[in-house]
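The structure appears below as structure tokens.
All values derive from a computational prediction rather than experimental measurement. Below, all heavy atoms of this structure are taken into account, side chains as well, without hydrogens, waters or symmetry copies. Quick note on labels: first sequence line is chain A, next is B, and so on, each numbered from 1.
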Number of protein chains: 2
Amino acid sequence: MARPPSALREHILRSALRLFAESGYKGTSLHDIAQVTGCSKAALLYHFASKDAILTELLTPAGEGLAALRARLTGLDGAAAAREAVTGFVDLALRFRLEVRVLFQDIPMMTTHPALGAVPAVVELLLTALAGGSTAPPDTVAAHMVLGAVSVTAADDLGVPEEVLRAEMIRGALRTLGRAPDHP
Amino acid sequence: MARPPSALREHILRSALRLFAESGYKGTSLHDIAQVTGCSKAALLYHFASKDAILTELLTPAGEGLAALRARLTGLDGAAAAREAVTGFVDLALRFRLEVRVLFQDIPMMTTHPALGAVPAVVELLLTALAGGSTAPPDTVAAHMVLGAVSVTAADDLGVPEEVLRAEMIRGALRTLGRAPDHP
DNA sequence: GTCAGATCTGACCGATCGGACAGTTATTGT
DNA sequence: ACAATAACTGTCCGATCGGTCAGATCTGAC
């Protein structure tokens, strides 16, 4: 990150993100990335220390977004917390659609990845916020469903304009939680 | 499948399913499966033609379940179709929790896998059923959310008893669709 | 012009992958 | 008892993986 931005370097990142989202991390080889980028495999390892370093740099912004959401969430509770959790998570999922795809394709590796170290705690916080502070089955199930629904729908590419998608996802999530979208 | 059932053969299948669900298909080697099963790597390839053949046999029951759901769905429409789609899909996801995990971890490969050839058509049918026959943005988004919510929640292992989980998932899905759980 | 450092390449390395094969052990029908 | 077949193992194979390295090439300062 201390490195000055290079054209090839960012080109590599874009290619890698696309390939990781298409075929998964393990399903994408350095050879594939180099070929799509149009450079040699060694060039990748000149700009990045390892294949994992590419993944780390790709996931870091999303991880920071999650941390920011956590910060915005602390202090809130009840209906306000749930609403902020829903809108915040939807916006985040839409801003990092490809990253979410990558995440979902290698869950076991990602849950322990350093770039996403804060994720489990944030998810936990999101779940309790979505469940309105409850930890009993009825609410926790709905909270899990919201996280799953938003993640998968954001990762999928249905042909809906992003603004419509955002509004409908928020409305759907609030309905899932049993809260009226407009009047709390 | 024409082969007579063998104790080791089914042991292999169980081990492979667990490992695939934990680490993904590409993240699991034949060596890993052999080690967990307690046999040699060559024994795996005696009972199965290839690594992919193991995956195929693991996913076939789930694929058949989806085909059966499709059969049960044809002819229905409107609210009845949506309700049947929800309960049918929830039951299916809960019956094949580990298989759903495997599916989600290698989406690009699975979408073209022969054992799941009927899946895209079934998903399409499920989506239209869930959307109440509509193909416009408001309903299609909610339909996608339901599929995502059910799949992810079933794959995750929250500590909720399966009966409670089933009931809450159905209720949540119907709420997501904007339908009252009890009174249509 | 030329020198230094950044950038990039082709060739190569050890490890691991899925899979093949010959041969050995267990099982079974007669 | 014994042949025949099923079940299984150890070993080897080519391909591919992530990663290394010495050297070629490009670039700007002086």
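Taking atom CG of residue B:L45 and atom C1' of nucleotide C:dG19, one finds them 6 Å apart after rounding to whole Å. Protein atom NZ of B:K51 is 15 Å distant from nucleotide atom P of D:dT16, rounded to whole Å. Following rounding to the nearest Å, A:L8 (CG) and C:dA6 (P) show an atom-to-atom distance of 17 Å. Rounded to a whole Å, the CD1 atom of B:I54 is 11 Å from the C1' atom of C:dG18.
Comparing D:dC8, C:dC8, D:dG19 by their closest approach to the side chain of A:S50 singles out D:dG19.
The closest donor-acceptor contact from the side chain of B:R70 to the backbone of B:V122 lies at 3.5 Å or more, if one exists at all. At distances below 3.5 Å, at least one donor-acceptor pair connects side-chain atoms of B:Q105 with backbone N or O atoms of B:A21. For the pair B:K51 (side chain) and B:Y25 (backbone), a donor-acceptor distance under 3.5 Å is present. A donor-acceptor pair is defined here as one N or O able to donate and one able to accept, closer than 3.5 Å; no such pair exists between the side chain of B:D139 and the backbone of B:S134.
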Please write out the pairs of protein N or O atoms and N or O atoms of nucleotides 22-27 of chain C separated by less than 3.5 Å, giving the distance to one decimal.
none

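With sequence neighbours excluded, no residue forms a ring pair (Phe, Tyr, Trp, His ring centres under 6.0 Å) with B:F89. Remark: B:T128 engages B:L125 in a side-chain contact (heavy atoms from CB on, under 4.5 Å) (not counting sequence neighbours).
Residue pairs meeting the salt bridge (Lys or Arg N to Asp or Glu O under 4.0 Å) criterion with at least one member in residues 140-165 of chain A, sequence neighbours excluded, are A:R97-A:E162. Applying the salt bridge (Lys or Arg N to Asp or Glu O under 4.0 Å) definition to pairs two or more places apart or across chains, those involving residues 71-81 of chain B are B:R72-B:E84.
The shortest distance between the side-chain N/O atoms of A:H47 and the OP1/OP2 oxygens of C:dC8 is below 4.0 Å. Residue A:Y46 places at least one side-chain N or O closer than 4.0 Å to OP1 or OP2 of C:dT7.
Listed by residue number, A:T28, A:S29, A:L30, A:K41, A:A42 are the residues of residues 25-44 of chain A with a heavy-atom contact under 4.0 Å to DNA chain D.
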